[in-house]
Asks: 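Okay, handing you the structure first.
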Amino acid sequence: MAHHRVVLHGGPEFSGTTRVCEVDDLSHSVKMVHGNGREHFTYSGATADVDGEQLPRFDWVGRTKFAE
């Protein structure tokens, strides 16, 4: 299965966390645990330059909180 390096754009700042990650499928959303919830990102169709490499850009679309 192909892995794609992608960059996360928008949303909150993630202290100590890189904005570049790997996904198996560009059509699936990326969910990052942050604080008391998850930040959601989806592929925008755009790319972003990261250290001279054009990576698919996943834009922040919202967050969900963990159930208490």
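When reading the values below, keep in mind they use all heavy atoms of this one structure, side chains included, and skip hydrogens, waters and symmetry mates.
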Asks: Give the C-alpha distance, both sets of side-chain angles, the deciding distance and a yes or no for side-chain contact (heavy atoms from CB on, under 4.5 Å) between Val20 and Arg5.
Replies: CA-CA 7 Å; Val20 175; Arg5 282 177 29 99; 3.7 Å; yes

Asks: Is any side-chain heavy atom of Trp60 closer than 4.5 Å to a side-chain heavy atom of Met32?
Replies: no

Asks: Search all heavy atoms of Gly11 against all heavy atoms of Arg19 and return the closest pair with its distance.
Replies: O-NH2, 4.0 Å

Asks: Mind checking what makes side chain to side chain donor-acceptor pair (under 3.5 Å) contact with Asn36, not counting sequence neighbours?
Replies: Arg63

Asks: Only counting residues at least two apart or in another chain, list the ones meeting side-chain contact (heavy atoms from CB on, under 4.5 Å) with His9.
Replies: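 Residues passing side-chain contact (heavy atoms from CB on, under 4.5 Å) with His9: Arg57, Asp59.
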
Asks: List for me each residue that meets side-chain contact (heavy atoms from CB on, under 4.5 Å) alongside Thr47, sequence neighbours excluded, and say none if there are none.
Replies: Gln54

Asks: If you round to the nearest 0.5 Å, how far is CZ of Phe58 from NE2 of His4?
Replies: 8.5 Å

Asks: Please name all residues satisfying side-chain contact (heavy atoms from CB on, under 4.5 Å) with Thr64, sequence neighbours left out, ordered by chain then number.
Replies: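 By the side-chain contact (heavy atoms from CB on, under 4.5 Å) rule, Thr64 matches Arg38, His40.
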
Asks: Considering residues at least two apart in sequence or located in another chain, which fulfil the side-chain contact (heavy atoms from CB on, under 4.5 Å) criterion with Pro56?
Replies: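 Per chain and number, Pro56 pairs via side-chain contact (heavy atoms from CB on, under 4.5 Å) with Val6, Leu26, Tyr43.
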
